[in-house]
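In what follows, a structure is listed as structure tokens, so that the remarks can point back to it.
Order of the sequence lines fixes the chain letters, A, B, ..., with proteins taken first and strands second; residue numbering starts at 1 for each chain.
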Amino acid sequence: MRAHFSQRVGLLACMFLLTLPFLAAADTENVRMVPNDVEIRTFFAGASLDFSAHIPKGASAILEVRGREREEHLMRKGRRAGLWMNVGQVTVQGAPSVYLCMSTDRDFLKHQEQPAQWGYASIEKQVHFSGAPQESSNELFKQFLALKESEGLYGISPGSLKVTSEKDGSRNIQGTIRLPAKIPPGEYEVHLLSLETDKVVNNDTLSLSVVTKGFPALLEELAMHHELSYGFLAVIIAIVTGFAMGFFFKSKGAH
Amino acid sequence: MSFSIYLPIAGNSVNVLLLLGLGGAVGFLSGLFGVGGGFLMTPLLIMAGIPSTVAAASDSNQIVAASTSATYAHYRMGNVDFKMGVLLLVGGVVGGTFGVQLIKILRAMGNADFCIKVTYVIMLGVVGFYMFMESLQNLRKKPEEVVAPPSSKPSLYLRAIQALPYQMRFEKSGVTLSPVLPLILGAFVGVLAAIMGVGGGFIMVPVMVYLLRMPMHVVVGTSLFQILFTCINVTIMQAQTNHTVDLVLAILLLLGSTIGAQFGARISRRLKGDQLKILLASLVLVVMIQMFLGLVLTPDLMLSYKQGH
């Protein structure tokens with residue numbers, strides 16, 4: 001009898017665990033994200049993610065979109081004989097591919113307890129640089145941020161999450177994060193941190209997929225897996241277009 | 001309505017009209033001067049947000065189209081010396097192969113970037129300045145002064161090239177010289193082109209004018225013929241080895257450049273050789289100044305992606 005009951009509990013637990021990913025896909029109990037997936041198609045020029053969420057009354061919120069951590073190889077500039085050029089390589093480990101963050105309070109992204117849990121300070125503590133003995137990690141991190149911000153892959157927007165209403169012991173907040181056109185395809189995590197007196201009281205996580213579809217996906221497949229055919233195709237298209245233009249202008253009385 | 005299009009290999013979205021306009025402008029210069037335009041287009045594409053390796057590789061593909069269009073236009077006008085072009089091309093392939101090995105050695109020594117950038121500025125400066133002054137001098141002379149009376153004593157250089165073996169006549173160019181000379185000069189240009197990562201047109205044109213003594217109008221067409229095959233090779237190699245040819249980017253650029261090249265070829269016929277030379281020299285000097293400023297002014301970003309991507 002006891003073994004039979006244990007088996008049923010175990011089966012129920014397994015069923016619950018299996019459904020968890022599906023519950024986190026588009027929204028949680030507190031957070032809703034639209035759209036829940038982003039497709040990169042022919043005329044993709046970035047995408048807007050609209051968020052709405054419930055947080056405890058009186059709490060503040062921080063919303064983050066984080067990409068996977070990956071190793072990056074960068075070139076650093078320096079002066080040689082008075083001329084600026086690439087003088088060495090820097091390897092960056094532990095930095096997310098994308099980091100976009102917004103908050104309800106304007107000052108919230110600046111002031112937080114250590115160790116930092118949000119904002120650029122949270123990234124700085126996990127990033128490791130190698131290959132640049134002259135520069136300090138702090139200086140390199142600033143340069144790294146400048147590079148990422150110039151591409152729109154990193155960004156901080158304090159005060160962009162708006163409180164829309166308060167009732168029944170909770171606050172409703174809304175905001176929009178703009179994903180840049182340069183966002184790499186892949187899996188991303190969206191975190192909503194609810195804070196009271198600078199302490200995290202709730203952490204909701206959503207998954208976001210950015211995938212290439214249609215014509216861009218076809219070209220990527222050709223370029224990465226059928227390289228020689230792709231190269232010849234590119235040349236043939238170029239030559240045919242060149243001749244076609246020549247014939248067109250000839251027929252229009254060019255010569 | 002959005003005019004942005006996503007470039008799958010570049011991983012970025014760019015305005016379609018911007019790419020068509022860039023292609024048209026550089027194609028026009030290609031048809032006008034007989035240059036591939038890579039030394040102009042690649043920096044402009046980088047400024048538009050395209051990674052540098054994708055810009056260079058896709059631009060090679062665009063140059064194939066513009067060069068085909070312009071070579072065909074010049075061929076119809078009788079401006080392509082195929083015999084000379086093949087010899088320069090063979091030399092260029094050999095030189096380019098050697099140049100790639102040289103770059104490998106320089107990279108291992110850690111001095112590749114310094115050598116490449118300084119070579120660029122020096123070559124652009126020397127070529128641009130010499131062409132500019134020489135063309136200006138000729139344009140200022142009265143017509144009767146330009147045609148110099150035949151000298152009883154040929155120059156040292158002329159004697160040297162006439163002493164080379166296997167002298168042959170190049171009918172289209174109207175010159176008689178040994179095939180050894182275009183092979184050697186083609187190889188020299190190939191080495192420089194490999195170091196600087198360009199098709200070599202802006203070096204090849206002055207070489208053909210001043211060292212091979214070819215008339216400017218034939219130089220333009222023949223240079224385009226040589227660039228066409230160089231860029232076919234580069235496009236295929238880049239697609240196969242580095243996966244950096246963005247077909248969408250290349251197609252948009254070539255749609256603009258093939259049209260621009262036709263107009264450039266037509267206008268080149270209406271200009272005198274010295275006028276063409278002085279315009280090209282001015283363009284080369286502007287690019288040289290822009291590159292030099294890039295070397296001496298403090299950059300906005302101290303870090304960049306390795307391989308440009």
Side-chain angles (χ1 to χ4, degrees), chain A residues 40-46 72-78 80-90 140 143-144 146-147 150-151 181-184 212 215-220 222-224 227-228 230-235 237-250 254-255, chain B residues 2 4-9 11-14 49 61-73 76-77 110 113-114 117-118 228 231-232 235-241 243 245-248 250-251 254-255 258-259 261-262 266 294-307:
Chain A
I40 298 176
R41 292 187 178 267
T42 306
F43 299 105
F44 178 76
E72 293 198 76
H73 301 280
L74 307 177
M75 301 302 295
R76 66 184 173 87
K77 285 192 168 38
R80 281 231 177 119
L83 305 174
W84 285 97
M85 61 193 67
N86 291 330
V87 294
Q89 186 177 315
V90 174
L140 276 172
Q143 294 170 9
F144 178 74
L147 175 65
S150 71
E151 299 182 303
K182 274 191 171 183
I183 188 163
T212 319
F215 187 60
L218 173 65
L219 277 187
E220 262 185 34
L222 274 175
M224 298 303 163
E227 307 92 345
L228 201 55
Y230 182 81
F232 275 108
L233 177 66
V235 166
I237 288 173
I239 291 173
V240 166
T241 309
F243 270 123
M245 287 299 171
F247 277 120
F248 176 77
F249 276 84
K250 183 183 176 186
H255 189 69
Chain B
S2 169
S4 293
I5 195 163
Y6 185 73
L7 307 175
I9 310 302
N12 198 4
S13 175
V14 187
N61 192 196
Q62 174 277 128
I63 292 171
V64 170
S67 301
T68 303
S69 175
T71 303
Y72 185 58
R76 290 201 318 263
M77 290 187 266
D113 204 58
F114 181 82
K117 295 214 161 143
V118 170
L228 168 63
C231 287
I232 285 174
T235 301
I236 294 171
M237 296 293 287
Q238 290 277 26
Q240 188 182 24
T241 311
H243 312 287
V245 176
D246 192 308
L247 199 51
V248 177
I251 287 173
L254 65 88
L255 281 175
T258 47
I259 296 171
Q262 288 289 328
R266 276 200 261 177
L295 285 172
V296 298
L297 297 177
T298 306
D300 293 330
L301 296 172
M302 293 298 177
L303 293 176
S304 59
Y305 293 101
K306 191 183 177 189
Q307 308 296 334

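- The two residues B:Val296 and A:Trp84 come nearest to each other via the heavy atoms O-CD1, 3.7 Å.
- Heavy atoms of A:Phe144 lying under 4.5 Å from chain B belong to its backbone as well as its side chain.
- The minimum heavy-atom distance linking A:Phe43 with B:Ser4 is given by the pair CD2-O, 3.3 Å.
- Residues B:Ser304 and A:Asn86 meet the side-chain proximity criterion, which asks for heavy atoms closer than 4.5 Å.
- Aromatic ring centres of B:Tyr72 and A:Phe243: separated by under 6.0 Å.
- The side-chain heavy atoms of A:Lys77 and B:Leu303, taken from C-beta on, include no pair separated by under 4.5 Å.
- For A:Glu227, there are no side-chain hydrogen bond (donor to acceptor under 3.5 Å, both in side chains) partners at least two apart in sequence or on another chain.
- Looking only at distances, a side-chain donor or acceptor of A:Tyr230 sits under 3.5 Å from a matching main-chain atom of B:Val245.
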Criterion side-chain contact (heavy atoms from CB on, under 4.5 Å) on B:Ile259 and A:Phe248, from CA distance to verdict: CA-CA 10 Å; B:Ile259 296 171; A:Phe248 176 77; over 6 Å; no

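- Here the CZ atom belonging to A:Arg80 is positioned 13.0 Å from the CG atom belonging to B:Leu295, to the nearest 0.5 angstrom.
- Side-chain contact between B:Thr68 and A:Thr241 is absent, with no heavy atoms from C-beta onward closer than 4.5 Å.
- Comparing B:Leu247, B:Ile232, B:Leu297, B:Thr71 by how many heavy-atom pairs each has under 4.5 Å with chain A, the most go to B:Leu247.
- With a 4.5 angstrom heavy-atom cutoff, A:Thr42 touches chain B via backbone and side-chain atoms both.
- Remark: B:Leu301 CG to A:Arg76 CZ distance equals 15.5 Å, nearest 0.5 Å.
- Without hydrogens or angle criteria, B:Ser13 side chain to A:Phe44 main chain gives a donor-acceptor distance under 3.5 Å.
- Heavy-atom distances place the side chain of A:Ile40, and not its backbone, under 4.5 Å from chain B.
- Separation of atoms CD (A:Glu72) and OH (B:Tyr305) is listed at 5.0 Å; rounding is to 0.5 Å.
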Audit row: B:Gln240, A:Phe232, side-chain contact (heavy atoms from CB on, under 4.5 Å) steps and yes/no: CA-CA 10 Å; B:Gln240 188 182 24; A:Phe232 275 108; over 6 Å; no

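- Contacts between B:Asp246 and chain A at a heavy-atom distance below 4.5 Å involve the backbone alone (N, CA, C, O).
- A pairwise comparison of heavy atoms in A:Ala234 and B:Thr235 identifies CB-CG2, 4.2 Å as the closest pair.
- Between chain B and the options A:Ile237, A:Leu147, A:Val90, A:Leu83, the largest number of non-hydrogen pairs under 4.5 Å is found for A:Leu147.
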Check against side-chain contact (heavy atoms from CB on, under 4.5 Å), B:Tyr6 and A:Arg41: CA-CA 7 Å; B:Tyr6 185 73; A:Arg41 292 187 178 267; over 6 Å; no

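- In terms of non-hydrogen atom pairs under 4.5 Å with chain A, the most contact-rich of B:Leu254, B:Val64, B:Ile251, B:Thr298 is B:Thr298.
- With chain B as the partner, the residue from A:Ala223, A:Gly46, A:Gly88 showing the most heavy-atom pairs under 4.5 Å is A:Ala223.
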